[in-house]
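Below is one structure, written out as structure tokens; comments come after it.
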Protein chains: 2
Amino acid sequence: MLRHVSATSLAAMLRERGLRLTPQRQLILEAVHELGHATPESVHTAVRERAAGVNITTVYRTLELLEELGLVNHTHLSHGSPTYHPAGDDQHVHLVCRSCGSIAEVDPAVMDPVTGLLLRERDFRVDVGHVSLFGLCGDCKDTP
Amino acid sequence: MLRHVSATSLAAMLRERGLRLTPQRQLILEAVHELGHATPESVHTAVRERAAGVNITTVYRTLELLEELGLVNHTHLSHGSPTYHPAGDDQHVHLVCRSCGSIAEVDPAVMDPVTGLLLRERDFRVDVGHVSLFGLCGDCKDTP
DNA sequence: TTTCGTGCAAATACTTTGCACACGG
DNA sequence: CCGTGTGCAAAGTATTTGCACGAAA
């Protein structure tokens, strides 16, 4: 269960593509791991606590890069900013309550019947690390 | 299988709340039905073909209203603008290809195993008319 | 030394808000 | 008439882009 990508392996992944390891890229990747659910804004805030000068532009560019490298995924929780989270085997499906805004996580295996069906019948390969389901949570379904 | 909400029934729903039937509201609701998948921008364009003066602000306000009335739903297809579609029994789940951007639709019944499980085990009521699944379509999965 | 990466500033996209007038009921 | 709805303009947020300098390899 790999929860952290070490600086050296990040460096290796970057080098493979002729890209460079910078303090910003390390800090941003660490921030995503620490935050779990991270918007560009929250990453920016977190990174700034360690290194004041890091620009929001760099956060956007780096998150996009980290996603290309397969180190993070993003999903859209309700409206507004995308939410980034570490890629890997700790993936989860999000349950977003439209009433109270709470976000719960469930094992992506709950999607297996659906992903299997869609692959067989529609030739569509669902990216499970990317799924958000909207609805009403237990606390809200009675008092909407 | 009700595919259109008539002007009179829209009027009735509005009147119940002390709201008014206006040409803009009729046109915008019609546009959502005609377009099927409609962003605020595309609704604006479609409506303008019939009535030049309609403002984008009114489109936003009206889509929000129509959603409160339960006449339309919106979902987030990839990034960017939300996509509105008619509410009712023609609901569908969206399959969004992250490679080519294509949007396919499937019967929401494919989600039944998942919605049932989440209701039983997590007390979470999934809004199926709101589901978008991201992944790779058949055309793209071989040549990503 | 050679690119690549970053910060900065400005541009762009999307959405919301305040207000005065228009108009549906 | 009364009060809601609209258009307009402007403000607010979120994100992207161009460019010159700084820095990794």
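Here is how names work: the chains are called A, B, and so on, in the same order as the sequence lines, proteins then strands, and each is numbered from 1.
- A side-chain donor-acceptor contact under 3.5 Å links Arg25(A) to the backbone of Arg20(A).
- Between Arg48(B) atom CZ and dG7(D) atom C1' there is a gap of 11 Å when expressed in whole angstrom units.
- Residue-level contact check: Arg61(A) touches the bases, meaning some heavy atom is under 4.0 Å from a base atom.
- Side-chain atoms of Thr62(B) come within 3.5 Å of backbone atoms of Thr58(B) as a donor-acceptor pair (strictly under, hydrogens ignored).
- Inspection of the His85(A) and His92(A) side chains reveals no N or O donor paired with an N or O acceptor under 3.5 Å.
- One interatomic measurement links the two molecules: CD of Glu64(B) to P of dT16(C), which rounds to 7 Å at whole-angstrom precision.
- Distance, Leu21(A) CG to dA25(D) C1': 11 Å, rounded to whole Å.
- Atom CD in Glu67(B) sits about 15 Å away from atom C1' in dT15(C), given to the nearest Å.
- In the set dC8(C), dT6(C), dC8(D), the nucleotide with an atom closest to the side chain of Thr58(A) is dT6(C).
- Closest to the side chain of Tyr60(B), out of dC14(C), dA14(D), dG25(C), is dC14(C).
- Among the heavy atoms of the strands lying under 4.0 Å from Gln24(A) are primed sugar atoms or P, OP1, OP2 only; no base atom is included.
- For dG5(C), the base has no donor-acceptor partner in the side chain of Arg25(A) [N/O atoms by modelled type, under 3.5 angstrom].
- Nearest-nucleotide positions on DNA chain C place Pro82(B) closer to the 5' end than the other of Leu19(B) and Pro82(B).
- When all heavy atoms are compared, the tightest approach of Cys97(A) to Cys100(A) is SG-N, 3.4 Å.
- Counting to the nearest Å, the C1' atom of dG18(C) and the CG atom of Asn55(B) are 14 Å from each other.
- Across all strands, Ile56(B) comes closer than 4.0 Å to no nucleic acid atom at all (heavy-atom distances).
- Note: CG (Leu27(B)) to C1' (dT6(D)) measures 13 Å, nearest angstrom.
- The interatomic distance linking Arg20(B) (CZ) with dA22(C) (C1') rounds to 11 Å, in whole Å.
- Distance from the side chain of Ser81(B) is smallest for dT15(C) among the nucleotides dA14(D), dT15(C), dG7(D).
- Taken to the nearest 0.5 Å, the CG atom of Leu118(A) stands 7.5 Å off from the CE atom of Met111(A).
- In this structure, the CG atom of Leu69(B) is 10 Å from the P atom of dG5(D), given to the nearest Å.
- Contact check, Thr22(B) against dT6(D): a side-chain N or O comes under 4.0 Å of OP1 or OP2.
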